[in-house]
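Below: the structure, in structure tokens.
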Amino acid sequence: MKAILQKINLTFLLSLSVFIFAQQKMKLPGDAIFYMEINGRQLDKKINWQKLNPFLLDVAKEGKEKPSWNDYSKTGIKYDATQYHYASFNDSVKAYTAHFMVDNKEKFQEFINSTKKKGLEITRKNNYSYVNLDDDIFVAWNGNRAVLKLLSYSKPYQYNMDNEVMADSSMIVMDSTETVGTDSVYAEEPEPPFNYKDEIRILKEDIQYLKEDIKQHNAEIARMQKDIKYLEKHHEYPKEKKGSTDKNYSEDSAETLPPPAQDDGIEEMDAEDNAGDLAYEKEFDSLRIEKFKMVKMLAESDFERYFSSNFEIEVSKETLSARDPNSDVFVYADYGRIVNEGIYGRMSKQYEFGQFFSNFYNSNSSYNLYFDNDKVRLVNSYQHKDPEVQKQFSAVYKGRKNKKLMALIHDKSIGYYAMNVDGSRYFDLMYSLLKNSGEGGYQKEMELMTETMKIVLDEKAIAEIAPGNGIFVLNELKSKTVEYTDYDYDDDYNEKEIKKTKEVMVPDFTFAFATENEGYWNRVFNVLATNKNTAKNFSKNGEFYEFKEEKSGGYLDRFFFTVKDGVVYVTTSRDNILPKKQSEVSEKWAKDASKYALSGRFDIRRLLIGLETEFNSTSERKIMDVFKKNVGEVYFKTEAKGDRIETEMDYGIRSSSENSLMYFFDLADEIYKIKESEQKIPVL
């Protein structure tokens, strides 16, 4: 029996220890809309500090004679450790938090001193120190951990059914882990008795804030010090005389000084304006102080919780479900909360059927970012929060393949966008989103509308017209001379029209999509060519229908339409519908385009070459040359994977940079140097 009791006691102690340990973790706020992990172990190996440090120094010297820090590789931050970032918001507080490790406390504190404003003092607590870099930016640290917080606060409000402001909220959420009372709801409550000690405490806090604000309010501090002395002696504020605008009083007298005599009406008006300005400035300062107190309290509360924890951040499995530990950066975004809560949620509720859009955006997305040597890879994983709606999304992305369309892809094109989706499934998706979209008295109407749509629409017939396979190919940009009207003015400012011409770049493209009902589209084009209102622009020429503007003054003034072998074509040239010769590379593109639900590529360099004539200034041409030399090609593909929609986007780089991370810094550095050279005043 004794052995059993000992085992029970040991089990209880172990359970209690586990429970206590779990309580020490720092939980991710429940209202977090954004979460990010930066894989420092991998990224630190890809950063070339010899290149990056001079660039950061150049940027940091903006507005300064000399940078106050000369080596950003030695800030005391442990760059090869994982960083954690998250953002949250509610009716009153928006917060962004970053957690990172420190490997040299002295260096880190030296870096903070070089960053903060002069005059701001560091506050030391039992197990950490902190300072506000600005009114809404705070940083706290101990021997090996640091937290950066950006906070903004505005008074919370309650809204009635018509979305009108009723009153201040009585509570605000502090990172969704605890609540703090801030403003009571406007109601008939007895006014508390005057407490001069509370007034003294508040004024002292205000003085501390003003001192921290780089001593910009010396006169205000002096006035408050007089108030404190007067309150300590008289236990009340001095009485203000009628017509007085100032509260000038001595330590022993409650009499205010009379306003100075006015010489004329203008001086009196100036005095009133100045008094109004002073009142406004005082009101503004008071509001700043109130907001600063609140964000400071919120920051301190968060710092206390973090530095009293075991420094682990507890994140839900849902948030991390798509995380790849081998990615350089992982990001999770809760679009459902972003759209459906806060000001965005209230905006959608202003509309009778705004809930439909709330249902549509009720999703989350995860992103894994990789900085490879020759390209940047971004893998996005989308998931709707309603499993039934997500099932319909996945069904849409599982369409039949169509290789015929992919024969239009070729090496010399600037880019293409191909899709193979199931058009008939769009209706099921729409019905799922409309379900439960009505609010209040509109629920029955929404259900009736959904049922009516199912009865009226012939889903099968519509899907036959356009099953869901299509492709857009941008072949090239061609130069075209267009005429336009400019205006000139003579010496008497009489307006005179002047006809001018200019060279513009117009796209040469092909848009094609599959159809199972060729007759329908032939009838559509035939009506356009024979109708008296449209026939002046539409005509039939052989197997093609042609659209042509009467005056050739626009960018796109000529198109060709035709239906052939189950494909509808809209193109700028008849030759574009012919299959193109494909290399090994373009064959792979075509294979992917017929395999994935969505796919495409875009050669940014070729596009920029085609747009050269649009850039005229020396600066623009220099920057254009930099981009032409460095920009690469974008390639993406999308498919349904299980209960998610996954999209991979690759950006290939063209440069001598050691990897794709440094590529962006090298590109920014080149552009920055061009801008800097233009700002220098030439020596005559």
- Message: So Leu598 and Tyr397, do their side chains get closer than 4.5 Å, heavy atoms only?
- Response: yes
- Item | Minimum side-chain heavy-atom gap Asn630-Val626 below 4.5 Å | yes
- Message: Arg644: which residues meet the salt bridge (charged side-chain N to carboxylate O under 4.0 Å, His left out) condition with it, sequence neighbours left out?
- Response: none
- Message: When you compare the side chain of Lys673 with that of Ile671, does any pair of heavy atoms fall below 4.5 Å?
- Response: no
- Query: Which residues satisfy the side chain to side chain donor-acceptor pair (under 3.5 Å) test with Thr515, sequence neighbours excluded?
  - Reply: Trp521
- Task: Kindly state each residue pair satisfying side-chain hydrogen bond (donor to acceptor under 3.5 Å, both in side chains) with at least one member in residues 653-664, sequence neighbours excluded.
- Result: Asn48-Glu658, Lys51-Glu658, Tyr651-Tyr663, Ser655-Ser657, Ser657-Asp666
- Are any non-hydrogen side-chain atoms of Gln83 and His99 less than 4.5 angstrom apart? no
- Message: Testing Phe561, Phe525, Phe560 one by one against Tyr545 for a ring pair (Phe, Tyr, Trp, His ring centres under 6.0 Å), which residue passes?
- Response: Phe525
- Message: If you define the side chain from C-beta out and look only at heavy atoms, does anything of Asp44 sit under 4.5 Å from Gln42?
- Response: no
- Message: Is it true that Ser594 and Lys401 share a donor-acceptor pair across their side chains at a distance under 3.5 Å?
- Response: no
- Task: Return yes if some donor-acceptor pair links the side-chain N/O of Thr319 with the main-chain N/O of Val315 below 3.5 Å, else return no.
- Result: no
- Task: Report yes if the side chains of Val563 and Val568 come closer than 4.5 Å at any heavy-atom pair, otherwise no.
- Result: yes
- Ser413 side chain vs His410 backbone, donor-acceptor pair below 3.5 Å: yes
- Query: Roughly how far, to the nearest 0.5 Å, is the OG1 atom of Thr572 from the NZ atom of Lys478?
  - Reply: 6.5 Å
- Item | Minimum side-chain heavy-atom gap Asn362-Tyr335 below 4.5 Å | no
- Side-chain donor or acceptor of Lys404 paired with backbone N/O of Asp565 under 3.5 Å: yes
- So, do Glu646 and Asn380 sit near enough that their side-chain heavy atoms are less than 4.5 Å apart? no
- Item | Within 45° cone of Tyr635 ring axis and under 6.0 Å: Arg601 NZ or CZ | no
